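Labels below follow one simple rule: chain letters A, B, ... track the order of the sequence lines, proteins then strands, and each chain is numbered from 1. These numbers come from the heavy atoms of this one structure, side chains and all, not from hydrogens, waters or symmetry mates. A quick note: this is a predicted structure, and the numbers were derived from the prediction, not measured.
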Amino acid sequence: MKSQKFTIAELVAPVVGLPTVEIAGLVEYPPNPDLGDLALPCFRFAKQLRKAPTEIAKEVAAVLTESGNFKDVAVAGGYVNVYVAQGAVAKEVVGALRTEPQNLFAEKRLIGDSAAIDYSSPNIAKPFGVGHLRSTMIGHAIANLLREDGSRVIGINHLGDWGTQFGKNIAAYRMWGDEETVRKNPTRELLELYVRFHAEAEKHPALDDEARAWFKRLEDGDEEARSLWQWFIDESLKAFQATYDRLGVHHEQVLGESFYNDKMDAVVEELKEKGLLTESEGAEVVDLSAYDLPPCIIRKSDGATIYATRDLAAALYRHDVLGGNRLIYVVGAEQTLHFQQVFKVLELMGREWAKDCRHVAFGMMKYNGERLSTRRGKVVYLEDVLEKAVAEARRIIDEKNPELPNKDDVAEAIGIGAVVFNDLKNYRMHDVDFRYEDVLNFDGETGPYVQYTHARACSVLRKAGVKDNFDSSSASDVVLQPSEWRLIVEMNKANEMFERAIDQLDPSLIARLVLDVCHAFNRFYHDVPILGADTESEKEFRLELTDASRRFIAYCLNLLGLRAPEAM
RNA sequence: GUCUCAGUAGCUCAGUAGGAUAGAGCAACAGCCUUCUAAGCUGUGGGUCGGGGGUUCGAAUCCCUCCUGAGACGCCA
């Protein structure tokens with residue numbers, strides 16, 4: 001509806017003496033369809049114009065009526081209610097979707113932008129839990145959105161492949177590990193060894209010294225330590241890759257923490273040169289008290305670097321070498337303070353692009369109300385969740401559509417879609433308590449609902465024997481049914497919602513939008529006959545609308561990282 | 001203790017660049033398949049928008065304060 005909003009704003013601007021953009025922002029959707037398609041509240045202008053809102057509304061209405069751009073304009077108190085020319089708008093929306101669906105969404109505002117976006121970033125030798133789904137899928141969706149708007153996206157998987165825990169992994173593996181078992185199920189087995197190590201170390205503190213020694217050997221390049229470490233990485237990556245393939249997730253760069261081992265000295269040097277480093281309690285820190293932030297530790301009292309140092313080195317690399325002119329981090333909200341500190345230090349280092357860095361935070365995933373903890377072995381494996389969801393999808397297919405070809409493939413798309421959509425549809429800052437009953441429910445506001453709606457539209461088009469070309473002349477002279485218009489209105493919000501989703505880096509807006517469109521489509525499908533329309537031109541138009549809806553839904557699903565089967 | 005984030009129907013959440021009677025889904029109940037996929041559609045019941053102040057023509061939305069929950073707060077990431 002953006003173009004209609006601007007049409008109104010342009011006409012109203014001279015009347016109220018405010019910039020067009022500002023007025024366009026005030027145009028809203030009335031709460032009730034009887035009140036028109038768009039509305040402009042005029043209370044805001046009253047003080048400046050020294051006139052009653054109702055008077056202003058009347059003047060505004062007169063101008064809008066005179067323009068002849070709208071079907072009807074009405075004044076209701078201080079509101080001006082506008083009824084748009086439905087046929088023309090319908091033709092515009094359907095036409096855009098028929099040629100290039102993305103035209104309705106993206107105006108390619110971000111051409112010339114390049115965004116380095118850090119998402120997923122699991123830890124090596126640990127399993128991929130449901131918790132990782134958040135960073136992975138929110139990040140993947142944001143990457144898709146930015147790319148569609150013209151940005152050059154560099155997706156980065158910042159693997160946790162370094163740190164003292166690898167001393168424990170190595171020590172544990174040497175004591176109790178078995179090559180075959182690890183190979184068969186790398187992340188689960190390595191986690192088990194890790195958990196066992198923690199349990200045993202409680203009783204025998206000497207084990208911790210053993211682990212420290214092994215990490216030291218790893219740092220010093222000891223061959224045995226090195227090759228075990230590399231093997232853990234290779235096996236873990238194989239397991240992760242299988243999951244990424246199922247989820248359809250891809251990264252341009254896979255660079256673990258260890259990649260920056262030789263790049264941190266330069267950061268420390270620069271900080272020292274710029275006089276940012278001060279000594280405090282034996283450690284070297286950047287004092288940020290002037291900015292109401294706690295100090296950022298750069299070197300621990302034992303001389304070793306820490307994750308802040310690593311993240312600084314990584315940020316410089318992403319900007320200077322990979323060419324990301326802004327950096328985005330899709331990382332849990334518990335790291336908010338850390339990123340505030342890192343961004344501030346970058347700014348103090350004179351990197352003016354620090355202001356464009358964003359931490360896309362999200363709430364914590366819990367299970368039965370409890371915090372998940374890998375160290376204590378409290379994990380819900382993502383693969384288990386996907387397996388259950390796919391099995392449930394398969395069960396429902398067997399029940400409802402036993403004749404369906406390639407059932408397994410469809411079940412895979414639906415089951416995974418249910419899990420992914422469930423994670424994307426809500427405001428990302430909320431903590432989520434993972435419950436199987438939610439994920440395995442395929443009714444209502446769910447991924448399968450959206451996919452089902454898509455399949456339904458496809459089915460109608462199949463029955464109609466539709467080829468890809470329509471004679472679009474019909475739209476403007478057809479009188480629209482309420483449910484048809486409702487559907488057009490919802491789809492016409494694409495551009496606004498898309499841009500808001502990008503500006504706020506929030507894919508849930510796209511999920512909400514496509515849910516609204518699906519609801520409108522299902523109502524349309526229920527209320528008016530498509531193939532059995534009274535006249536040929538009505539039938540033609542409804543098929544066009546069905547085709548447009550199908551493309552719209554598929555486009556949104558793909559943005560969110562879901563597949564859109566044509567039958568289910 | 002300090003800071004940050006959250007608090008909307010029984011449950012999960014939309015709505016938060018201030019606007020008209022606060023909306024969905026789930027669960028419950030009642031309808032709708034001789035017609036295009038019922039994983040759907042329609043209806044009913046269900047609300048001190050955490051409490052209290054304030055700003056405004058108008059507040060779930062902005063400000064202050066209190067309550068509750070989560071997270072963070074120097075050598076893990």
Exercise for review: Check whether the ring centres of A:Phe259 and A:Tyr317 lie less than 6.0 Å apart, and answer yes or no.
Suggested key: yes

Check your understanding: Does a nitrogen or oxygen in the side chain of A:Tyr427 sit under 4.0 Å from OP1 or OP2 of B:rU8?
Key -> no

Practice item. Provide, to the nearest angstrom, the distance between the CZ atom belonging to A:Arg523 and the C1' atom belonging to B:rU42. Key: 8 Å

Check your understanding: From the list B:rC57, B:rG71, B:rU21, which nucleotide is the closest neighbour of the side chain of A:Phe43?
Key -> B:rC57

Exercise for review: Describe the nucleic acid contact of A:His338 in one word from base, sugar-phosphate, nothing, applying a heavy-atom distance below 4.0 Å.
Suggested key: nothing

Practice item. Can you figure out which of B:rC36, B:rA14, B:rA38 approaches the side chain of A:Val460 most closely? Key: B:rC36

**Study point:** Sugar-phosphate only, base, or nothing, as touched by A:Val528 at under 4.0 Å among non-hydrogen atoms
**Key:** base

Review point. How many Å lie between CG on A:Asp527 and C1' on B:rC32, as a whole number?
Key: 12 Å

Review point. Which part of the nucleic acid, if any, lies within reach of A:Ala567 when heavy atoms closer than 4.0 Å are counted: base, sugar-phosphate only, or nothing?
Key: base

Review point. Has A:Gln504 got more than 12 heavy atoms of other residues, nucleotides or ligands less than 6.0 Å from its CD?
Key: yes

Exercise for review: Using a strict cut-off of less than 4.0 Å between a Lys/Arg side-chain nitrogen and an Asp/Glu carboxylate oxygen, indicate whether A:Arg500 and A:Asp503 qualify as a salt bridge.
Suggested key: no

Less than 3.5 Å apart, which donor and acceptor atoms pair up between the side chains of residues 42-53 of chain A and the rest of the protein, not counting sequence neighbours?
residue : atom : partner : partner atom : Å
A:Lys51 : NZ   : A:Glu59 : OE1          : 3.3
A:Lys51 : NZ   : A:Glu59 : OE2          : 2.9

Practice item. Classify the nucleic acid contact of A:Ala333 as base, sugar-phosphate or nothing, counting any heavy atom under 4.0 Å across all strands shown. Key: nothing

Point to revise | A:Arg212 with A:Asp208: basic N within carboxylate O range, under 4.0 Å | key: no

Review point. Among residues 410-418 of chain A, which residues get a heavy atom nearer than 4.0 Å to RNA chain B?
Key: A:Ile414

Review point. Atom CZ of A:Phe215 and atom C1' of B:rA77: how far apart are they, to the nearest Å?
Key: 13 Å

Review point. Can you check the A:Asp443 CG to B:rC41 P distance for me, whole Å?
Key: 10 Å

Exercise for review: Please check the phosphate of B:rC5 (OP1 and OP2 only) for any side-chain N or O of A:His359 closer than 4.0 Å.
Suggested key: no

Practice item. Round to the nearest Å and state the distance from A:Glu55 atom CD to B:rC57 atom P. Key: 19 Å

Practice item. For B:rC33, decide between syn and anti, treating a glycosidic angle within 90° of 0 as syn. Key: syn

**Study point:** Nearest heavy-atom neighbours spanning A:Gly77 and A:Thr54
**Key:** O-CG2, 3.6 Å

**Study point:** A:Asp506 side chain to A:Ala501 backbone, donor-acceptor under 3.5 Å
**Key:** no

Study note, to complete from the structure: Atom CG of A:Asn426 and atom C1' of B:rC11 are separated, to the nearest Å, by 13 Å

Review point. How is A:Ile306 classified with respect to the nucleic acid when contacts are heavy atoms under 4.0 Å: base, sugar-phosphate, or nothing?
Key: sugar-phosphate

Point to revise | A:Lys463 side-chain N/O to B:rU35 phosphate OP1/OP2 under 4.0 Å | key: no

**Study point:** Test item: A:His359 side-chain N/O and A:Val331 main-chain N/O as donor-acceptor pair under 3.5 Å
**Key:** yes

**Study point:** Salt bridge flag under 4.0 Å for residues A:Asp516 and A:Arg512
**Key:** no

Point to revise | Heavy-atom donor-acceptor pair, A:Arg462 side chain to A:Glu566 backbone, under 3.5 Å | key: yes

Review point. Taking the side chain of A:Arg456 as heavy atoms from C-beta outward, which of B:rC36, B:rG19, B:rG40 is closest to it?
Key: B:rG40

Exercise for review: Identify all stems in which RNA chain B takes part, counting only runs of at least 3 consecutive pairs (Watson-Crick or G-U wobble, each distance under 3.5 Å), and give each as one range with another, ordered by first number.
Suggested key: B:1-7 with B:67-73, B:10-13 with B:23-26, B:28-32 with B:40-44, B:50-54 with B:62-66

Point to revise | Length of the NZ-P vector between A:Lys168 and B:rA77, whole Å | key: 12 Å

Exercise for review: Please work out if A:Arg500 contacts a base, only the sugar-phosphate, or nothing of the nucleic acid, heavy-atom cut-off 4.0 Å.
Suggested key: base

Check your understanding: If you look at every strand shown and take non-hydrogen atoms under 4.0 Å, does A:Lys366 touch a base, only sugar-phosphate, or nothing?
Key -> sugar-phosphate

Practice item. Determine the contact category for A:Gln165: base if any of its heavy atoms lies under 4.0 Å from a base atom, sugar-phosphate if only primed atoms, P, OP1 or OP2 are that close, otherwise nothing. Key: nothing

**Study point:** Whole angstrom value for the distance that separates P of B:rC36 from OH of A:Tyr452
**Key:** 11 Å

Review point. Across the strands shown, which category fits A:Arg371 at heavy-atom distances under 4.0 angstrom: base, sugar-phosphate, nothing?
Key: sugar-phosphate

Point to revise | Donor-acceptor pair, side chain of A:Arg134 and main chain of A:Gly363, under 3.5 angstrom | key: yes

Revision key, fill the gap. Winner on side-chain proximity to A:His430, out of B:rG7, B:rA70, B:rU37, is B:rG7

Check your understanding: Is a donor-acceptor contact shorter than 3.5 angstrom present between the side chain of A:Asn81 and the base of B:rA20?
Key -> yes

Exercise for review: Determine the contact category for A:Asn441: base if any of its heavy atoms lies under 4.0 Å from a base atom, sugar-phosphate if only primed atoms, P, OP1 or OP2 are that close, otherwise nothing.
Suggested key: sugar-phosphate

Check your understanding: Under 4.0 Å between a Lys/Arg side-chain N and an Asp/Glu carboxylate O for A:Arg109 and A:Glu499?
Key -> yes

Review point. For A:Ser280, which contact category applies under a 4.0 Å heavy-atom criterion: base, sugar-phosphate, or nothing?
Key: base

Practice item. Could you check whether A:Ser459 gets within reach of a base, just the sugar-phosphate, or nothing at all, counting any heavy atom under 4.0 Å? Key: base

Exercise for review: Name the nucleic acid region contacted by A:Ala393, choosing base, sugar-phosphate or nothing; use a 4.0 angstrom heavy-atom cut-off, strictly under.
Suggested key: nothing

Review point. Which is true for A:Gln340 with a 4.0 Å heavy-atom rule: it touches a base, it touches only sugar-phosphate, or it touches nothing?
Key: nothing

